[in-house]
Amino acid sequence: MAPKGGYLLNVTATPTGDLCSVPALLRRNAREFGDRSAYREKEYGIWQSWTWSEALQEVEWLAFGLLALGIERGDHVAVIGRNRPDLYWSMIAAQMCGAVPVPLYQDAVAEEMAYVLEHCGARFVVCGDQEQVDKVIDVQERLHQIEHVLYHDKRGMRKYDHEHLNWLRDIRDEGKASHYRHEHELEKREAELTYDSTCVMLYTSGTTGKPKGVVLSNRNIIETSKNSSEFDHLRADDEILAYLPMAWVGDFIFSMGQALWNGFCVNCPESAETMMTDLKEIAPSYYFAPPRVFETQLTQVMIRMEDASPLKRRLFRHYMGLAKRVGPKILDGKPVGTLDRLRYAVGEAIVYGPLKNTLGFSKVRVGYTAGEAIGPEIFEFYRSLGINLKQLYGQTEASVFIAQQPDNEVRADTVGVKSPGVEIRIADNGEIFYRSPGTFIEYYKNPESTASTKDAEGWVATGDAGFFEEGSGHLRIIDRAKDVGKMADGHMFAPKYVENKLKFYPDVLEAVVLGNGRDFCTAFINIDLTAVGNWAERNNIAYASYQELASHPKVLETIRAHVEEVNISVAQDDMLSACQIQRFLVLHKELDADDGEMTRTRKVRRRIIEEKYADLIGALYDGSDSIYTETEVTYEDGRKGSISATLQLIDAATVVAKYQQVAAE
């Protein structure tokens, strides 16, 4: 029977069962949760909602429309845009037709898109709006395989040549009108889908070279979604906010895999600018964000507190001090004195509760951060508020999950235990290897990289260095294996550990620590323009640009104080105490993905930075007090330009570490 007017096809079960594909999960949800909300989208300030039955109907109409356009089995369908139900539905519709969805980063410049579109050979491209269409048209003359470009938002599209350009709603309506002609073909293609059929192809961020197309099967996505959902007891009544890039594996596993497996609702915000407001309105029970998002939110909190009245600042500092001491213990069910519990309850009423409501975290039951290591101070701040924030360790090639933290076993210095169904081993050099049901099939058109990453027994090299703690079984990540090195005196060099401590400070946006093979460590630092700009306004300090503010003497002194505080902290770690920063500079520009200095997931490309800023690195180590530099930059419209500046090189005090004391004695 068709649910509420949809065309529920009689797809025959495969030997692996009814739930062997993403479209099959959608059909299951339409049968079992037909009237429950499946997708919401905020448009023009109003939330619109679709039930699971309505979502199935929309997906089928899109699939019929794609068949009418001539989509073939195995075609790659590129999807570019912000999180919207129609784009998620386009990916499922492509799968129904036997095609493979390939989501791309919407903020990628045309040249980056051109590489992925050409590499995967996409015949169809689904775009969110005019901006994405323009990028595709810009490269289309070189990429002759693109036959149809579909778009969701028709604003600004009226005067375009529509010979091979279609409004997604028109394709949907055509599919609705012609469904009788395509029902049999769609039923046939969907019945061909198995557990080992390709579900999606996701491109890696490309920190060391060109992005690679990671081929993931239905088995990879569904088994991983099932195991991870059971681990955290996810439910059909959970809510999630889908705001992270659709091209990122985290969004695909949370907003597609787990959402379809559990039947919970996926909420799409109106825009990046309204995301925090939309987060507060939805108040999700299941939330995920990379460290950068939590860092930004904490920065906003600290800025607001600086602008608050003296009484509010005193209350905030007093109760946050209490929360830091007892909040994580209460969250983990550990013993806490009655008086402290009463004081914490008062803090919940006047500080923690209102703050969580402002952040949109008042209903978070399970929260995760991953993508890169989060600073321990930032992590503990959120847990002290009573937010069940945990860490997980994963990769695109693993369908995300490799290790995750069980409830009541959460610590800032580990990433938890092995995820269900995952095996992990540590090589002699400390590199982490894993295999699991989520292990990717291959790198598309790249058998050499596939063979060098995954061996014949299915073990995958992560490129990360780490070890298991004795007794607890928790995995600790030191750093990227290629980034971990040794100082000239033989002590370990692990830059991410120090960088995360620096980024706890609201006015530090990014940090890059240098020192492998050298006598001491140095650092590049980016200030956070929002936080430092707010400080400048409060102190009546005028500035005309990021560069001018970054070179202000008071800003440099503040950053020096932060570096010296971090050095005190780093000195307490016997293994990494040699990583204290002796000299640093504040960069005259923000590190930018458009300039190749970071990936689209905001990971630093260290090799490129070391090559691009070799003159600055040399000056940090030769004792110079200042250096003049010119740097090429990319503007929003793709044009190239250059900026110049004279940077101050600043010394920072270090602390005598334990190993140095012993050596002196």
Side-chain angles (χ1 to χ4, degrees), residues 14 16-26 28-29 32-33 95 193-200 202 214-238 240 244 248-264 266 285-288 365-371 388-410 414-425 432-441 454 457-460 462 464 468 472-475 477:
T14 69
T16 51
D18 290 329
L19 305 182
C20 68
S21 69
V22 164
L25 290 176
L26 175 60
R28 187 277 311 265
N29 292 348
E32 298 185 9
F33 314 126
Q95 293 167 320
L193 298 176
T194 70
Y195 231 25
D196 296 313
S197 298
T198 300
C199 178
V200 68
L202 300 164
V214 180
V215 179
L216 298 172
S217 68
N218 284 313
R219 182 189 305 275
N220 296 151
I221 298 301
I222 295 174
E223 286 291 326
T224 301
S225 298
K226 170 181 176 291
N227 292 340
S228 57
S229 296
E230 290 174 352
F231 183 90
D232 281 309
H233 312 292
L234 301 182
R235 309 185 300 246
D237 60 352
D238 279 320
I240 192 170
L244 296 166
W248 185 49
V249 66
D251 183 71
F252 193 86
I253 204 73
F254 298 130
S255 303
M256 286 280 283
Q258 290 183 335
L260 286 159
W261 176 261
N262 295 285
F264 58 63
V266 176
S285 56
Y286 184 40
Y287 182 74
F288 178 89
R365 189 171 56 82
V366 179
Y368 271 112
T369 183
N388 186 28
L389 178 62
K390 305 190 288 183
Q391 296 188 84
L392 69 82
Y393 171 60
Q395 291 187 329
T396 304
E397 291 86 346
S399 305
V400 176
F401 293 93
I402 298 175
Q404 55 195 129
Q405 294 179 324
D407 290 339
N408 304 325
E409 293 184 37
V410 180
T414 82
V415 292
V417 300
K418 293 180 290 187
S419 294
V422 177
E423 300 174 77
I424 297 177
R425 64 179 174 85
I432 300 166
F433 288 75
Y434 72 88
R435 63 181 178 185
S436 73
T439 299
F440 75 121
I441 304 302
K454 183 175 70 169
E457 296 180 345
W459 288 101
V460 179
T462 65
D464 292 318
F468 279 109
S472 71
H474 280 236
L475 179 66
I477 307 296

Participant: Using salt bridge (charged side-chain N to carboxylate O under 4.0 Å, His left out), reason through R365 and D232 one step at a time and then give a plain yes or no.
Facilitator: CA-CA 9 Å; R365 189 171 56 82; D232 281 309; over 6 Å; no

Participant: Please name the pair of heavy atoms, one in S399 and one in I221, separated by the smallest distance, quoted to 0.1 Å.
Facilitator: OG-CD1, 4.2 Å

Participant: Look only at the side chain of R28 and the backbone of P23, and say whether a donor-acceptor pair between them is shorter than 3.5 Å.
Facilitator: no

Participant: What's the spacing between C199 SG and N220 CG if we round to 0.5 Å?
Facilitator: 8.5 Å

Participant: If you round to the nearest 0.5 Å, how far is CG of L475 from CD1 of I402?
Facilitator: 9.0 Å

Participant: Just checking F254 against Y286, ring centres under 6.0 Å apart?
Facilitator: yes

Participant: Does K418 reach the main-chain N or O of E423 with its side chain, forming a donor-acceptor pair under 3.5 Å?
Facilitator: no

Participant: I'd like to know if the side chain of Q391 and the backbone of A370 have a donor-acceptor N/O pair within less than 3.5 Å.
Facilitator: no

Participant: About how many Å separate OG1 of T369 and OH of Y287, when rounded to the nearest 0.5 Å?
Facilitator: 9.0 Å

Participant: Under 3.5 Å, is there a donor-acceptor pair between the S285 and D238 side chains?
Facilitator: yes

Participant: Does the side chain of F440 come within less than 4.5 Å of V215's, by heavy atoms?
Facilitator: no

Participant: Ignoring hydrogens, what is the shortest heavy-atom contact between W459 and R425? Give both atom names and the distance.
Facilitator: CD2-NE, 3.5 Å

Participant: Is any side-chain heavy atom of L392 closer than 4.5 Å to one of V415?
Facilitator: no

Participant: Using a 4.5 Å cut-off on heavy atoms from C-beta on, say whether the side chain of F468 contacts that of I424.
Facilitator: yes

Participant: Looking at I253, T224, L25, which hits side-chain contact (heavy atoms from CB on, under 4.5 Å) with W261?
Facilitator: L25

Participant: Could you give me the CA-CA distance, side-chain angles and deciding distance for E397 and Y434, then say whether side-chain contact (heavy atoms from CB on, under 4.5 Å) is met?
Facilitator: CA-CA 10 Å; E397 291 86 346; Y434 72 88; 3.5 Å; yes

Participant: Measure the OG-CG distance between S225 and L19 for me, rounded to the nearest 0.5 Å.
Facilitator: 12.0 Å

Participant: Measuring only between side-chain heavy atoms, which start at C-beta, is F401 closer than 4.5 Å to N227?
Facilitator: no

Participant: Could you tell me if the side chain of Q404 sits less than 4.5 Å from the side chain of P420, heavy atoms only?
Facilitator: yes

Participant: I need the minimum non-hydrogen distance between G421 and P437, along with the two atoms involved.
Facilitator: O-CD, 3.2 Å

Participant: So, for H474 and P406, which heavy atoms are closest and what is the spacing to 0.1 Å?
Facilitator: CE1-CD, 4.4 Å

Participant: Measure the spacing between OG1 of T198 and CD1 of I441 and express it to the nearest 0.5 Å.
Facilitator: 7.0 Å

Participant: State, yes or no, whether a side-chain contact exists between F433 and T462 at a heavy-atom distance under 4.5 Å.
Facilitator: no

Participant: Between Q405 and T414, what is the shortest heavy-atom contact and its length?
Facilitator: NE2-O, 2.8 Å

Participant: Can you find a heavy atom in the side chain of Q395 that is under 4.5 Å from one in the side chain of D464?
Facilitator: yes

Participant: Quick check: closest heavy atoms across K390 and F231, and the distance to 0.1 Å?
Facilitator: NZ-CE2, 4.4 Å

Participant: From S228 OG over to Y368 OH, what is the distance, rounded to the nearest 0.5 angstrom?
Facilitator: 8.0 Å

Participant: Keeping the roles fixed (side chain from T439, backbone from R435), state whether a donor-acceptor pair exists under 3.5 Å.
Facilitator: no

Participant: Would the distance check show the side chain of Y195 and the main-chain N or O of S21 forming a donor-acceptor pair, the cut-off being under 3.5 Å?
Facilitator: no

Participant: Under a 3.5 Å threshold, yes or no: a donor from one side chain and an acceptor from the other, between S229 and N262?
Facilitator: yes

Participant: Can you tell me if N218 uses its side chain to pair, donor with acceptor, with the backbone of T194 under 3.5 Å?
Facilitator: yes

